[in-house]
Visitor: 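Could you have a look at this structure, given as structure tokens, before my questions?
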Number of protein chains: 2
Amino acid sequence: MENKSTEEKIFDAAYREFVEKGYEGARMQAIADRVGINKALLNYYYRTKDKLFDAVVPRIITQLPIGINNILEKDNPFEQKIEEIVHLYIGFLKKNPLIVRFVLRELLNGPDRLAKIFVEVIEHKDNNLIARLTELIEKEVQAGNIIPIKPEQLIINIISLCVFPFIGRFMVENIILKNAGTNFDEFMKDREKEVVDFILNAIKP
Amino acid sequence: MENKSTEEKIFDAAYREFVEKGYEGARMQAIADRVGINKALLNYYYRTKDKLFDAVVPRIITQLPIGINNILEKDNPFEQKIEEIVHLYIGFLKKNPLIVRFVLRELLNGPDRLAKIFVEVIEHKDNNLIARLTELIEKEVQAGNIIPIKPEQLIINIISLCVFPFIGRFMVENIILKNAGTNFDEFMKDREKEVVDFILNAIKP
DNA sequence: GTCTATAATGTGATAGAC
DNA sequence: GTCTATCACATTATAGAC
């Protein structure tokens, strides 16, 4: 696999450096070192740190499991859709903690740098997911299958329950689990089922 | 109020600078400018940026509503305790978005800088809160007042539902609420009641 | 205590040889 | 394309006069 072009090698190295350190923390020198070249070559291929960052970001963001349309497509009962969404999210977060941290950190530092591309990616991949999910929930409410709840609240509840433990991992480990006789991985393993039950219980009429 | 010592003025200015920009983003020059002095004086009172940061951080972190012991002390029914905790958390987050962002950003950049003091603060203010909350939940489960649920899962569910919308505010605003005909403030106003209902429903036997 | 001036370092960007 | 050398700038830290 040594036939990668220098440009690709730089891209890959930059990808890792930015994901690990964030824009501010990333160092051009460190990227050059990862490739085994010097900084001047970075400038030759990508003119500036900003441009290199902009080149890498889409590759990072498009990995987010935003497009869960396939789950909605399938003709499964509502409960099962919820379950699949939860598993998809938590599964992704388990496998990609660095990406989650990266996105969050950049958004916190000021969404400006990510905002534009973020919205682009969503509108491209998302394909009105939220609108369709909203519609689905409203239908279930009207049919009396679940309690009356505003779709946007339910959607955010689902995301909150899946995502927060990874964001607040430090606190979860050092405060809540400290004396619980379990570790983070075990806790998260339990949690997949736990969250599904919690949600389904909460919306059961 | 002009009788503050220079040292106090520096402390206050540093507090604001660090909270707004984070450790990496904060500039010693900016702090000096806020006070109306020059950088050399910062060095006179606090030797380095690190030491100034360490001096300020406890003041920031101790504001977190970790010690919710008073809520547990009161002899209210379990449901009401949940409700009060949710209101306390969301109320705090509404009033102190910058503090939340600060803590989160520093934890994401690597908990090392905050970790030690964070744990200290918790152990001092927290006073076995989690242990007591855990005990309380276990008692409710055994009494059959709520469904069987692991205390640590329930605790994190509560925190998740309160905190996440503020963390993911950008996404909430730009994705979920985009076409919902509402804004973040309205959404969060609704949410206080919504979250309480959601939780109580979820744990109802 | 407070200032001016400057050192010391780190980082991104560029010039120019090969 | 790739390198060495260097610039330009920002930022923290410090020396020394008052």
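Chain naming here is simple, since letters A, B, ... match the order of the sequence lines and numbering starts at 1 in each. Computed from heavy atoms alone, side chains included, the values below leave out hydrogens, waters and symmetry copies. Since the structure is predicted, the reported quantities are computational estimates derived from the model, not experimental observations.
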Visitor: From CG of A:Asp33 over to P of C:dT11, roughly how many Å is that when rounded to an integer?
Guide: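 That distance rounds to 11 Å.
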Visitor: Let's see if you can work this out: which of D:dT2, C:dC3, D:dC3 has an atom nearest to the side-chain heavy atoms of A:Thr6?
Guide: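 My answer, after comparing the listed nucleotides, is D:dT2.
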Visitor: Could you state the atom-to-atom distance from CD1 of B:Ile10 to C1' of C:dC3 in whole Å?
Guide: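 Nearest whole value for this atom pair: 13 Å.
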Visitor: How long is the line joining CD of B:Glu17 and P of D:dT11, in whole Å?
Guide: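 So the CD-P distance, B:Glu17 to D:dT11, works out to 11 Å.
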Visitor: How long is the line joining CG of A:Leu42 and C1' of C:dT11, in whole Å?
Guide: 13 Å
Visitor: Protein within reach of the bases, or only the backbone? For nucleotides 13-18 of chain D, mark each nucleotide 5' to 3' as B, S or -, using heavy atoms under 4.0 Å.
Guide: BBB---
Visitor: Without decimals, in angstroms, what is the distance between B:Glu24 CD and C:dT11 P?
Guide: 11 Å
Visitor: If I take atom CG in residue B:Asn38 and atom C1' in nucleotide D:dT12, what distance separates them, rounded to the nearest angstrom?
Guide: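 For the pair B:Asn38 CG and D:dT12 C1', the rounded distance is 14 Å.
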Visitor: Among the nucleotides D:dG1, C:dT2, D:dT12, which one has an atom lying closest to any side-chain atom of B:Tyr44?
Guide: C:dT2
Visitor: Quick one: A:Arg27 CZ to D:dA10 C1', roughly how many Å, whole number?
Guide: 12 Å
Visitor: Just the rounded figure in Å: distance from P of D:dC3 to CD of A:Gln29.
Guide: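 So the CD-P distance, A:Gln29 to D:dC3, works out to 12 Å.
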Visitor: Whether B:Tyr45 contacts C:dT2 is assessed here as follows: a side-chain N or O lying under 4.0 Å from the phosphate OP1 or OP2. Is that the case?
Guide: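 Result: yes.
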Visitor: Return the orientation label for the A:Tyr23 and A:Phe18 ring planes: parallel under 30°, perpendicular over 60°, tilted otherwise.
Guide: parallel
Visitor: Taking CD in B:Glu135 as the centre, count heavy atoms belonging to other residues, nucleotides or ligands within less than 6.0 Å. Is the count above 12?
Guide: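 No, the 6.0 Å shell around CD holds no more than 12 heavy atoms from other groups.
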Visitor: Please answer whether the main-chain N or O of A:Arg59 pairs with a side-chain N or O of A:Gln63 as donor and acceptor at a distance below 3.5 Å.
Guide: yes
Visitor: Count the heavy atoms belonging to other residues, nucleotides or ligands that lie under 6.0 Å from NZ of B:Lys94, then report whether that count exceeds 12.
Guide: yes
Visitor: Nearest 0.5 angstrom please: A:Lys150 NZ to B:Arg191 CZ, how far?
Guide: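 It comes to 11.5 Å.
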Visitor: Give B:Ala30 one of three labels, base, sugar-phosphate or nothing, depending on what nucleic acid heavy atoms sit under 4.0 Å from its own.
Guide: nothing
Visitor: Looking only at side-chain N and O atoms, does A:Gln153 offer a donor or acceptor that is under 3.5 Å from a partner on A:Asn157?
Guide: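 Their side chains do not contain a donor-acceptor pair, so the 3.5 Å distance test is not met.
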Visitor: Nearest 0.5 Å please: distance from the CG atom of A:Leu41 over to the NZ atom of A:Lys39.
Guide: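 Going from the CG atom of A:Leu41 to the NZ atom of A:Lys39 covers 12.5 Å.
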